[in-house]
Amino acid sequence: MVAVPVVLETRRAQAAAPREVPTSGPLVDTHGRVHRDLRISLTDRCSLRCTYCMPEQGNEWLARTSILTLDEIEQVARVGATLGISTFRLTGGEPLLRPDIVEVVQRLAAIEGPGGPVELAMTTNGIRLREYLPALAAAGLQRLNISIDTLDRARFRELTRRDRLDDVLDGIAAAATSGLHPLKLNTVAMRGVNEDELVDLVAFALAHDAELRFIEQMPLDAGHTWSRDSMVTRDEILEVLARCWDLTPLPGRGGAPAERFLLDGGPATVGVIASVTAPFCGDCDRLRLTADGQLRNCLFSTSEYDLLPALRSGGGDQAIEAMLRSCVHGKLPGHAINDPSFLQPARGMNAIGG
Ligand code: SAM
Ligand code: SF4
């Protein structure tokens, strides 16, 4: 079958959708999904080089002049909050590499929408977290997700191309005793890499009063090396876990990406994010802002909405609102990973914001 660029699919879907972009009300798309979650990527740089995310060398970094300033991020976030965005998640790249990270947290945590103050969370690799935690918590950060794919030092070095496991473990230990709860740990499950550690990683999370969330590996690495064969699927993950724990599905998932299960009746839980084998696009409420000011309505979008001109030519809040509304309006019903016409986005995960 001839591959059809996803961007053409986008145009087709937009043509079928009502032409008018709403000018009032919440951020609702043409499929009735109300958007409440904004992922904000603060940088595409990182202290690690995870194989499923970035190549070791030759990565093309975003131009420094295009990286949003703190004022610009705050303006987009504030406008989003007035339109019903109620959660901001800071990500990257590695958000803790941003020199003004504490101020970013402070300014975003102070934003209020019609429903009250926003929730503010962060996804991090945990390196230098111990040092930053007190200031981040004081600035208003509420929740943390920390990524850890293996507990084995040699594997960690191979997988991330950096010998930093001890720093990550230290960050997790600090988070576990901080007031930022619930704590979540993210693991990308990979065949022949860490598939024999799934149970150990859950036990590690439980020992830190955290929930482990397994993520199916997605075709989003900047090196375009993803293969379906190297991915460990949701069903395989659950089969392994079910050998050690009774798994009871938790209802009430809403727009959340993770399917969650009680372990042995609870209260401990585990999550699985099965974007590839069990997509959850029908309930997606997420939008993304890249570090260089591009709005994305899906992780897998091949088209973006450029906010930089509005932000840098004094377009004001109205221009940003119009762009947010257009971006939501143009959202497709689902990603096309499992379609033969799927085209991987040009940006790697580090430049999109996971
Ligand atoms: N550097 C931070 C970290 O690693 O937590 C935040 C950014 S990272 C891009 C956010 C999340 O995306 C991490 O949990 C990471 O494991 C996940 N991720 C990155 N590339 C992925 C891929 N190809 N498939 C699935 N998850 C991926
Ligand atoms: Fe860095 Fe996170 Fe990507 Fe790993 S997954 S290379 S820690 S941005």
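Both counts, for ligands and for their atoms, begin at 1 and track the order of listing.
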Problem set entry | Note: Arg107-Asp71 ion pair, threshold 4.0 Å (strictly below) | yes
For this session: Output yes when the distance from some N or O of ligand 1 to some N or O of Asn145 is under 3.5 Å, and no in every other case.
Result: no
Exercise. So which protein heavy atom does atom 21 (C) of ligand 1 come closest to, and at what separation?
Worked result: Tyr52 CD1, 3.5 Å
Problem set entry | Heavy-atom side-chain contact between Leu332 and Cys298 under 4.5 Å | no
Exercise. Among protein heavy atoms, which sits nearest to atom 24 (N) of ligand 1, and what does the distance come to when rounded to 0.1 Å?
Worked result: Met218 N, 2.9 Å
Exercise. Can an N or O of Pro95 be found at a distance shorter than 3.5 Å from an N or O of ligand 1?
Worked result: no
Exercise. Is there any N or O on Glu94 that sits under 3.5 Å from an N or O of ligand 1?
Worked result: yes
Exercise. Strictly under 4.0 Å, does any heavy atom of Ser41 approach an atom of ligand 1?
Worked result: no
Exercise. Side-chain heavy atoms under 4.5 angstrom apart, residues restricted to Ile, Leu, Val, Met, Phe, Trp, Tyr: same cluster for Met122 and Leu48?
Worked result: yes
Exercise. Are the charged groups of Arg36 and Asp285 less than 4.0 angstrom apart, N to O?
Worked result: no
Problem set entry | Electrostatic pair Arg78-Glu74, nearest N-O below 4.0 angstrom | no
Exercise. Do Ser41 and Asp44 come within less than 4.5 Å of each other through their side chains, counting heavy atoms only?
Worked result: no
For this session: Specify the protein heavy atom at minimum distance from atom 14 (O) of ligand 1: its residue, its atom name, and the distance to 0.1 Å.
Result: Ser147 OG, 2.8 Å
For this session: Any atoms of ligand 2 less than 4.0 Å from a non-hydrogen atom of Asn125? List them with their elements.
Result: 7 (S)
Seminar exercise, completed: Which of Ser227, Ser230, Cys53 passes side chain to side chain contact (heavy atoms under 4.5 Å, CB included) with Gln217? It is Ser230
Exercise. For ligand 2, which atoms sit closer than 4.0 Å to a heavy atom of Gly93?
Worked result: 8 (S)
Problem set entry | Heteroatom distance test (Cys46, ligand 1): nitrogen or oxygen, under 3.5 angstrom | no
For this session: Go through ligand 1 atom by atom and flag the ones less than 4.0 Å from a non-hydrogen atom of Gly93.
Result: 1 (N), 2 (C), 6 (C), 7 (C)
Seminar exercise, completed: Only one of Leu250, Leu247, Thr248, Thr269 passes side chain to side chain contact (heavy atoms under 4.5 Å, CB included) with Phe261, and that residue is Leu247
Exercise. Where is the nearest protein heavy atom to atom 26 (N) of ligand 1: which residue, which atom, and how far?
Worked result: Val188 CG2, 3.6 Å
Problem set entry | Side chain proximity check, Val168 to Thr160, heavy atoms < 4.5 angstrom | no
Exercise. Which protein heavy atom lies closest to atom 3 (Fe) of ligand 2, and at what distance to 0.1 Å?
Worked result: Cys53 SG, 2.4 Å
Problem set entry | Charged N-O contact under 4.0 Å between Arg260 and Glu211 | yes
Exercise. Is any N or O atom of Thr91, backbone or side chain, closer than 3.5 Å to an N or O atom of ligand 1?
Worked result: no
For this session: Could you list which atoms of ligand 1 come closer than 4.0 Å to a heavy atom of Asn125?
Result: 2 (C), 3 (C), 5 (O)
Exercise. Going by the order shown, which atoms of ligand 1 are within less than 4.0 Å of some heavy atom of Thr124?
Worked result: 2 (C), 3 (C), 5 (O)
For this session: Answer with side chain, backbone, both or neither: which part of Thr123 has a heavy atom less than 4.0 angstrom from an atom of ligand 1?
Result: both
Exercise. Where is the nearest protein heavy atom to atom 4 (Fe) of ligand 2: which residue, which atom, and how far?
Worked result: Cys50 SG, 2.3 Å
Problem set entry | Hydrophobic cluster membership, Ile273 vs Leu262, 4.5 Å side-chain cutoff | no
For this session: May I have the step-by-step check of side chain to side chain contact (heavy atoms under 4.5 Å, CB included) for Val105 and Leu90, ending in yes or no?
Result: CA-CA 9 Å; Val105 168; Leu90 305 178; 3.7 Å; yes
Exercise. Nearest to atom 1 (Fe) of ligand 2, what protein heavy atom do you find, and at what distance?
Worked result: Cys46 SG, 2.2 Å
Exercise. Would you call Ser147 a ligand 2 contact, heavy-atom distance under 4.0 Å?
Worked result: no
Seminar exercise, completed: If we number the atoms of ligand 1 from 1 as shown, the ones under 4.0 Å from a heavy atom of Asn186 are 14 (O)
Problem set entry | Protein residue, atom and distance nearest to atom 19 (C) of ligand 1, heavy-atom basis | Met349 CG, 3.3 Å
Exercise. Is Asp149 paired with Arg155 through a side-chain N to carboxylate O contact shorter than 4.0 Å?
Worked result: no
Exercise. Is any NZ, NE, NH1 or NH2 atom of the basic residue among Arg162 and Glu56 found under 4.0 Å from an Asp or Glu carboxylate oxygen of the other?
Worked result: yes
For this session: Heavy-atom distances under 4.0 Å are what count here, so tell me which part of Ile352 touches ligand 1: side chain, backbone, both or neither.
Result: neither
Seminar exercise, completed: Candidates Cys50, Gly92, Gly354; heavy atom nearest atom 10 (C) of ligand 1 found on Gly354
